[in-house]
Amino acid sequence: MLELPGRKATAVCLWMMLWLSACSTVDVKQHYQALGAQPTEATHYDVIIPTHDGLELKATVFQPALQHGEAAPVIVHAHGFGAFRADGPMSIYGQLIISGEAAVEAWRQGYWVVSYDSRGFGASDGQVRLMDPEYEVRDVSSVIDWIEQSLPRLHRNEAGKPYIGMLGESYGGGATILASMMDERIDAIVPITTWYDLPSALAPNGLVKSHWAMLLFTFGNLNSFFDFDMMFEDDYLDMFGGYLNDRVEQDMRIRSPSHYCAQGKTVQADAFFIQGFSDALFDVNQGYSNWQCALNSGRDARLMAIQDGHKAMWPVQSWTGMPLYNTQPEVTCDDRAITLNSAIVDWFDEKLKQQSFAASDIPRLCATTSEEQGYLLTALPQATLKTSFSMAQVNLVQSGMFEVIMSPLDYLASVVLFSDTPDPIADQSMRGGFLRQAFVPLQVIDNDNYLIGVPRINLHMTTTDADRDGVLFVGVGVRHADSFQVQVISEQFVPLTGDGVYRQALPAISHNLQAGDTLGLVLQGFTGQYFWNPEGWFSRASVQGEVWFPAAGARQ
């Protein structure tokens with residue numbers, strides 16, 4: 001599709017004038033021609049930034065209030081997939097999304113902020129290329145080029161280089177990490193709820209998370225005004241058949257920090273990662289791997305493992321404030337309360353303004369177990385407690401399909417019938433597996449405690465599906481001492497995609513446990529995270545093997 005510079009910006013202005021910024025732009029050289037060292041007022045305005053390949057990106061510049069002769073660092077803000085830039089302090093991003101809120105707060109605290117529409121989205125030209133290093137990632141360098149050439153009164157180091165930070169969530173978080181790997185001019189980054197390895201995040205064990213593939217296709221096309229031609233290619237449409245083909249997997253590989261970290265090319269900036277345990281798209285393992293990769297660079301790297309992130313919509317996941325995406329505003333690490341927006345600004349204060357110890361309250365690694373509790377760690381605990389179970393049989397597809405209806409009935413039954421004295425694990429047996437999810441009890445908890453870490457499985461699965469492999473979803477569950485309900489911890493599932501042996505880590509989990517709770521394995525043939533992918537109608541799976549849990553209360 002031929003893209004003429006300026007054509008798309010004009011169309012966006014006519015169609016979206018009520019919720020995108022006005023399309024008038026500022027001539028920056030003329031705007032600052034007579035500024036000199038005079039005081040400035042806090043304001044914001046739109047600009048056009050040229051790319052390396054002759055297109056135009058629309059951006060909003062937030063000019064800080066500066067005293068006479070004062071200079072300020074600059075922060076580049078990148079938005080999530082299918083979204084638009086923060087075009088003002090009262091914008092959707094500036095009010096509701098963590099990266100935009102932090103960007104606006106940084107502006108109020110004396111930073112230049114440049115929030116731009118990623119190529120293909122908003123009022124920017126070009127095709128959406130899913131964070132291609134040769135396009136979207138190089139666009140970040142084009143933004144930095146423009147900043148160096150256009151903005152006055154930038155805080156610079158002794159060599160004359162301006163101090164530059166970058167932050168973004170999800171798609172913008174991917175831009176933040178990859179840009180830091182490619183452009184050494186970035187001094188500090190805050191990537192939020194983003195990926196390390198895109199193929200394994202979007203399609204664990206090769207099975208596509210169809211919920212997110214559908215949103216990728218829908219929002220990518222509608223919000224780019226159908227400038228997302230690659231999704232109409234046969235190889236990409238093939239994702240809706242359930243599995244990644246080799247071409248798409250390779251495309252996603254070169255868009256992943258894992259590809260470059262494996263080659264020793266890591267981030268070149270101090271990095272503060274924020275990732276969510278119950279993120280249905282990019283789990284904590286993705287953020288933990290990014291953090292470990294950054295540590296190898298010798299730069300300062302920290303990780304805050306919060307509870308939220310990308311949320312699936314059907315069946316409904318735990319409601320935490322907003323559909324599809326949400327982050328908790330505050331966390332607690334041991335007895336230390338931390339407001340995330342303030343922590344992000346503190347991070348930039350220390351790294352860009354050189355305010356010593358401004359970010360000292362940000363731990364090297366904190367893992368939360370709820371909105372109000374979290375623990376300081378040196379590493380994510382790994383599974384050490386081995387449990388095993390004999391043959392469990394589960395209906396494929398049908399099992400788990402009705403949990404959104406049946407789970408409330410469990411709650412009502414618990415109020416009337418349940419005894420809070422748990423049976424010993426030897427006296428408990430598998431529940432469900434026909435129309436309900438199967439729960440295989442494996443361990444009874446002795447004392448109130450918390451569970452944080454990375455479980456592992458060694459499972460052998462066979463199915464009765466003669467024509468094709470069936471799919472079974474595996475998660476770690478807890479049945480609390482006073483309830484019939486089974487909760488999938490951190491709402492994480494991994495698909496087992498046919499007959500075979502599965503030796504692998506599961507997504508990291510976190511949960512507060514009570515004495516008498518029963519830990520176990522959840523097995524089901526359907527989950528809304530993969531609602532287009534069920535295989536094995538009227539077939540059964542037989543599963544046996546071993547599960548390793550992290551020790552309750554473990555701190556590594």
Side-chain angles (χ1 to χ4, degrees), residues 78-83 118-121 126-140 168-182 191-221 224 227-263 265-267 273 275 279-290 293 309-310 312 494-495 497 504-505 507 529-530 532-533:
H79 61 74
F81 188 81
S118 182
R119 147 183 320 244
F121 290 118
Q127 286 283 323
V128 177
R129 297 177 181 269
L130 281 179
M131 206 49 63
D132 190 317
E134 294 301 317
Y135 294 95
E136 284 93 349
V137 180
R138 284 189 66 179
D139 286 344
V140 177
E169 90 291 335
S170 192
Y171 193 61
T176 300
I177 296 174
L178 290 168
S180 175
M181 289 178 159
M182 310 297 176
I192 304 170
T193 59
T194 193
W195 69 89
Y196 174 71
D197 184 78
L198 197 51
S200 66
L202 186 61
N205 288 334
L207 190 73
V208 175
K209 293 178 178 177
S210 54
H211 174 91
W212 293 104
M214 180 196 69
L215 294 177
L216 183 76
F217 182 86
T218 303
F219 285 120
N221 280 292
S224 69
D227 281 339
F228 194 15
D229 287 357
M230 63 187 294
M231 279 301 292
F232 289 97
E233 298 173 12
D234 289 343
D235 287 336
Y236 279 86
L237 290 174
D238 190 47
M239 285 197 303
F240 295 103
Y243 295 89
L244 285 186
N245 57 52
D246 291 342
R247 183 262 171 117
V248 173
E249 182 175 356
Q250 182 56 34
D251 277 0
M252 292 185 175
R253 188 76 61 198
I254 65 172
R255 291 161 167 80
S256 300
S258 60
H259 177 75
Y260 303 98
C261 192
Q263 302 172 25
K265 190 172 185 177
T266 185
V267 297
F273 299 95
Q275 204 81 15
D279 194 307
L281 182 57
F282 304 132
D283 59 50
V284 159
N285 296 31
Q286 299 284 324
Y288 189 68
S289 295
N290 273 322
C293 178
H310 299 84
V494 168
T497 54
Q504 63 184 88
Q529 297 177 25
Y530 298 79
W532 279 349
N533 301 89

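Nothing here was measured: the structure is a model prediction, and the numbers come from that model.
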Point to revise | Y236 OH to L244 CG distance, which is reported to the nearest 0.5 Å | key: 9.5 Å
Exercise for review: Mind listing the closest non-hydrogen atom pair of V248 and N245 along with its distance?
Suggested key: N-OD1, 2.9 Å
Review point. With distance as the sole test, does K209 use its side chain to make a donor-acceptor pair with the main-chain N or O of A201 at under 3.5 Å?
Key: yes
**Study point:** From L198 atom CG to H259 atom NE2, the distance as rounded to the nearest 0.5 Å
**Key:** 13.0 Å
Review point. Can we call the ring centroids of F228 and F81 under 6.0 Å apart?
Key: yes
Check your understanding: Using a distance-only test with no angle check, is there a side-chain donor-acceptor pair under 3.5 angstrom linking N205 and Q504?
Key -> yes
Practice item. Look only at the side chain of Q275 and the backbone of T194, and say whether a donor-acceptor pair between them is shorter than 3.5 Å. Key: yes
Practice item. Return yes if some donor-acceptor pair links the side-chain N/O of D238 with the main-chain N/O of D234 below 3.5 Å, else return no. Key: no
Study note, to complete from the structure: Nearest heavy-atom contact between V208 and Y530 is O-CD2, 3.3 Å
Check your understanding: Stepwise, does the side chain to side chain donor-acceptor pair (under 3.5 Å) test hold for T193 with H310?
Key -> CA-CA 8 Å; T193 59; H310 299 84; 4.5 Å; no
Review point. Rounded to the nearest 0.5 Å, how far does CE of M230 lie from CD of Q127?
Key: 9.5 Å
Check your understanding: Of all heavy-atom pairs between L237 and M231, which one has the smallest distance, and what is that distance?
Key -> CD2-O, 3.3 Å
Study note, to complete from the structure: CE of M131 to CG of D139, rounded to nearest 0.5 Å, is 8.5 Å
Point to revise | Candidate list P199, C261, S200, test side chain to side chain contact (heavy atoms under 4.5 Å, CB included), partner S256, passing option | key: P199
Point to revise | Heavy-atom donor-acceptor pair, E136 side chain to V128 backbone, under 3.5 Å | key: no
Check your understanding: Which atoms form the tightest heavy-atom contact between M239 and L202, and what is the distance?
Key -> SD-CD2, 4.3 Å
Practice item. Could you go through the side chain to side chain contact (heavy atoms under 4.5 Å, CB included) check for L207 and Y243 one step at a time? Key: CA-CA 5 Å; L207 190 73; Y243 295 89; 3.6 Å; yes
Check your understanding: Are any of the side-chain heavy atoms of I192 and T176 separated by less than 4.5 Å?
Key -> no
Study note, to complete from the structure: Rounded to the nearest 0.5 angstrom, the CG-CG distance for N285 and N290 is 11.5 Å
Check your understanding: Do L216 and W212 come close enough that some side-chain heavy atom pair is under 4.5 Å?
Key -> no
Review point. R255 and P133: which non-hydrogen atoms are nearest, and at how many Å?
Key: CG-CD, 4.2 Å
Practice item. Drop me the distance from Y171's OH to L130's CG, to the nearest 0.5 angstrom. Key: 5.5 Å
Revision key, fill the gap. Per side chain to side chain contact (heavy atoms under 4.5 Å, CB included), I177 is matched among W195, Y196, F273 by F273
Review point. Looking only at heavy atoms, which two atoms of V494 and P507 are closest? And how far apart?
Key: CG2-CD, 3.3 Å
